[in-house]
Engineer: 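Below you will find the structure I want to go over with you.
Convention: sequence-line order gives letters A, B, ...; per-chain numbering from 1. Fair warning: this is a prediction, and the values are worked out from it, not measured in the lab.
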Protein chains: 2
Amino acid sequence: MARKSNSKQVILDAAEAVVMEVGAGHMSLDLVAKKAGVSKGGLMYNFPSKEALLKAMITRLIEQFYVDREKKIKDLKKSGPGAFLKAGILASFEHDDKRSRMGLSILAASAHNPGLLEPLKQAYQAHVKEMLDSGLKFEPAEIVSLAADGLMFWELFRLSPFNENQREKIKKEMLRMIDQLEVEKE
Amino acid sequence: MARKSNSKQVILDAAEAVVMEVGAGHMSLDLVAKKAGVSKGGLMYNFPSKEALLKAMITRLIEQFYVDREKKIKDLKKSGPGAFLKAGILASFEHDDKRSRMGLSILAASAHNPGLLEPLKQAYQAHVKEMLDSGLKFEPAEIVSLAADGLMFWELFRLSPFNENQREKIKKEMLRMIDQLEVEKE
DNA sequence: ATAAGTATACCGACTGGTCGGTTTGTTTGT
DNA sequence: ACAAACAAACCGACCAGTCGGTATACTTAT
């Protein structure tokens, strides 16, 4: 490699920031390049098309989810059947700037070409399978999991009516429900 | 009135169909006009801007939700504290072509201008308030409600991994949980 | 009754601008 | 020297919105 470069990550960050600022349907390559402090040519060198850029955004989103989930699993010293579910929920309740920006990748990709979300479907499918394989009962486990997703989606569209306190209460109740599921299993 | 015309509804239907076919980020006025069997000028006459069109799509989506919910409330002859919640869930599990197309309005509006979703936020806030005012406990009621939303959103992005059988099981369990909530309240 | 005037509903060519992608040229590390 | 990494001007397609015009119905004055 001629010159060590982290341009790809810088550009991906810039892309998320642009989506945040101008909306998912107005993420143009020129804006992303400017935001990243790179020329159009530099962007095209790293990502040969807009689709390639969006694909990379989705890939990074998925990888980040697995990293966050893994971190949460390690935090839970007790590793019962609900570990994957709990970790997924804790991860999705984490919402620093980085996470909320990354969610916007979903909207950007969906606006340009819904097919780009296919890897996300695969990942979600795998996550669901892991949750269920650990021995939880399908329906109640899915309801808790879907509830976390629902909240995440409302926030993704910036439509959530819940304040921090309410969010926290909901999270607590979710974790309590999972504990209950684990007890019933024994 | 010079001549009765239902062009507006025809155009709104066409807009939804176009979003369905080409994706939320590629809904152009020309395509909508062509789909509706109307000229560009005819479209602009009925909706003076793209924003106006998208706003009307969101408005119709909200109104349709209330209509569907009302219908479900009437179907439930027993009207316990969980009536609004149950009706909302039953309505969101209904997914004929019309409903799933209308959901796409959210993506189209969000892609063009996220601010267009403000009325949706108001409506959702009101729906949540109505559910809670009827006397249900906040956390568990919200979890069931959010789970239905979560499933709806996954389907909106066409990422749901659940088949009809699993969907039905989840719905049944949701209704059971609400019954349980009503019993505990007495 | 009817011609003139007016409002509604719609048409389609055109314009200014945006955006994805290309091409060509330049710098920089090894 | 040479390839990787970028810069910058440019191209063509697309697209939102404009505008002058048309057609049909409704209203009014005679």
Engineer: Taking only Lys NZ, Arg NE, NH1 and NH2, and the carboxylate oxygens of Asp or Glu, determine whether A:K86 and A:D179 approach each other closer than 4.0 Å.
Structural biologist: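 A:D179 and A:K86: salt-bridged.
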Engineer: Take atom CG of B:L53 and atom P of D:dA16, then tell me their distance rounded to the nearest Å.
Structural biologist: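 After rounding, the reported distance stands at 10 Å.
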Engineer: What is the distance, to the nearest angstrom, from the NZ atom on B:K34 to the P atom on C:dA13?
Structural biologist: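 So the NZ-P distance, B:K34 to C:dA13, works out to 13 Å.
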Engineer: Using the benzene-type ring in the case of Trp, are the ring centres of B:Y124 and A:W154 under 6.0 Å apart?
Structural biologist: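 Yes, they do, as the ring centres are separated by less than 6.0 Å.
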Engineer: Round to a whole Å and report the spacing from CG of A:L43 to P of D:dA5.
Structural biologist: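 Computing the A:L43:CG to D:dA5:P distance gives 14 Å.
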Engineer: Any side-chain N or O of A:S7 below 4.0 angstrom from OP1/OP2 of D:dC6?
Structural biologist: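 It does, given that an N or O in the side chain of A:S7 lies less than 4.0 Å from OP1 or OP2 of D:dC6.
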Engineer: Are more than 12 heavy atoms, taken from residues, nucleotides or ligands other than A:K169, located less than 6.0 Å from that residue's NZ atom?
Structural biologist: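 At most 12 heavy atoms, drawn from other residues, nucleotides or ligands, come within 6.0 Å of this atom.
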Engineer: Of the candidate nucleotides C:dG21, C:dG12, D:dC15, which contains the atom at the shortest distance from the side chain of B:S28?
Structural biologist: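 Nearest nucleotide to the side chain: D:dC15.
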Engineer: Do we see a donor-acceptor contact under 3.5 Å between the side chains of A:D68 and A:Q64?
Structural biologist: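 Result is yes, a qualifying pair exists.
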Engineer: Does a salt bridge link B:E130 with B:R69, judged by any charged N lying under 4.0 Å from a carboxylate O?
Structural biologist: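 Answer for the salt bridge query: yes.
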Engineer: With respect to the side chain of A:S39, which nucleotide from D:dC6, D:dG17, C:dA9 is positioned closest?
Structural biologist: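 For the A:S39 side chain, the nearest candidate turns out to be D:dC6.
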Engineer: From NZ of A:K8 over to C1' of D:dC6, roughly how many Å is that when rounded to an integer?
Structural biologist: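 My rounded result for the distance is 13 Å.
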Engineer: If you compare every side-chain N and O of B:N46 against the phosphate oxygens of C:dC10 (OP1, OP2), does one of them come in below 4.0 Å?
Structural biologist: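 Yes, B:N46 has a side-chain N/O under 4.0 Å of OP1/OP2 on C:dC10.
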Engineer: In whole Å, I'd like the distance from the NZ atom of A:K40 to the C1' atom of C:dC19.
Structural biologist: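 Computing the A:K40:NZ to C:dC19:C1' distance gives 7 Å.
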Engineer: Whole angstroms only, please: what is the CG-P distance between A:L31 and C:dG20?
Structural biologist: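 So the CG-P distance, A:L31 to C:dG20, works out to 9 Å.
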Engineer: Distance check: side-chain N/O of A:K50 vs OP1/OP2 of C:dG20, anything under 4.0 Å?
Structural biologist: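 Affirmative; the distance criterion is met.
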Engineer: CE of B:M44 versus P of C:dA13: gap in Å, rounded?
Structural biologist: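 Taking CE of B:M44 and P of C:dA13, I get 17 Å after rounding.
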Engineer: Tell me which nucleotide among C:dG12, D:dC15, C:dG20 gets nearest to the side chain of B:D30.
Structural biologist: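 Given the options C:dG12, D:dC15, C:dG20, the side chain of B:D30 is closest to D:dC15.
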Engineer: Could you give the CZ-to-P distance, from B:F47 to D:dT18, as a whole number of Å?
Structural biologist: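 For the pair B:F47 CZ and D:dT18 P, the rounded distance is 16 Å.
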Engineer: Ignoring backbone atoms, establish whether A:Y45 has a side-chain N or O less than 4.0 Å from OP1 or OP2 of D:dC6.
Structural biologist: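 Negative; the distance criterion is not met.
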